[in-house]
*Asks:* 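The structure is given below, and queries will be raised subsequently.
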Amino acid sequence: MQPTEKKQKKAAVKEQKENKEKTGTPVIETRVLLEIQKSPTEIIRLVKGEYNGSPFFDLRVFFKEEATGTFKATKKGFALKPELFQKLL
């Protein structure tokens, strides 16, 4: 990791903590790694994220909302710690 990346990560963590203190809810950072089209109205999305400083992988089905055309998460899916995710591979 480059020095500027470390500074950016520290700043992001600090901002998360400040936001949590202001709102009382933790901030979740995510990055989409993979999307698979399941049907015209559903996709499966693999996301790498961080919740309160703890990394996780989330594999979840999303449905297309008719009114807006955006994809929303369903309850169909699961989140794993990176160590457990590696065992799946």
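In this chain, numbering begins with 1 at the start of the sequence shown. Just so it is clear, the values below take in all heavy atoms, side chains as well, and ignore hydrogens, waters and symmetry mates. Because the structure is a prediction, the values reported are computed rather than measured.
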*Asks:* Sequence neighbours left out, what passes side-chain contact (heavy atoms from CB on, under 4.5 Å) with Ser39? Give chain and number order.
*Replies:*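 Counting only residues at least two positions away or on another chain, Ser39 forms a side-chain contact (heavy atoms from CB on, under 4.5 Å) with Thr41, Glu42.
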
*Asks:* Hey, are the side chains of Phe57 and Leu88 touching, using non-hydrogen atoms and a 4.5 Å cut-off?
*Replies:*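 When only atoms from C-beta onward are counted, Leu88 and Phe57 do not touch, as no gap falls below 4.5 Å.
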
*Asks:* How would you list, by chain and number, every residue that makes a side-chain contact (heavy atoms from CB on, under 4.5 Å) with Leu34, sequence neighbours excluded?
*Replies:* Ile36, Leu46

*Asks:* Side chains of Arg45 and Phe71: does their closest heavy-atom pair fall under 4.5 Å?
*Replies:*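 In contact.
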
*Asks:* Are Tyr51 and Val32 connected in the hydrophobic side-chain network, where two residues link if heavy atoms are under 4.5 Å apart?
*Replies:* no

*Asks:* Scan for side chain to side chain donor-acceptor pair (under 3.5 Å) pairs involving residues 58-72, sequence neighbours excluded, and state none if there are none.
*Replies:*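 Qualifying pairs: Asp58-Arg60, Glu65-Thr68, Thr68-Thr70.
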
*Asks:* Give the minimum heavy-atom separation between Pro55 and Pro82, together with the two atoms involved.
*Replies:*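 Looking at all heavy atoms of both residues, the closest pair is O-CD, 3.4 Å.
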
*Asks:* Given the rule that I, L, V, M, F, W and Y join up when any side-chain heavy atoms are under 4.5 Å apart, are Leu59 and Leu80 in one cluster?
*Replies:*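 In one cluster: yes.
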
*Asks:* Quick one: hydrophobic cluster around Phe63, which other residues, with the 4.5 Å side-chain cut-off, linked directly or via members?
*Replies:*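 Besides Phe63, the cluster holds no residue at all.
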
*Asks:* Contact between Lys38 and Ile43 at the side-chain level, heavy atoms closer than 4.5 Å - yes or no?
*Replies:* no

*Asks:* Which pairs pass side chain to side chain donor-acceptor pair (under 3.5 Å) with one or both residues in residues 73-89, sequence neighbours excluded?
*Replies:* none

*Asks:* Which residues satisfy the ring pair (Phe, Tyr, Trp, His ring centres under 6.0 Å) test with Phe62, sequence neighbours excluded?
*Replies:* none

*Asks:* Say you draw a straight line from CZ of Phe56 to CZ of Phe78; how long is it, rounded to the nearest 0.5 Å?
*Replies:*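 It is 13.0 Å, given to the nearest 0.5 Å.
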
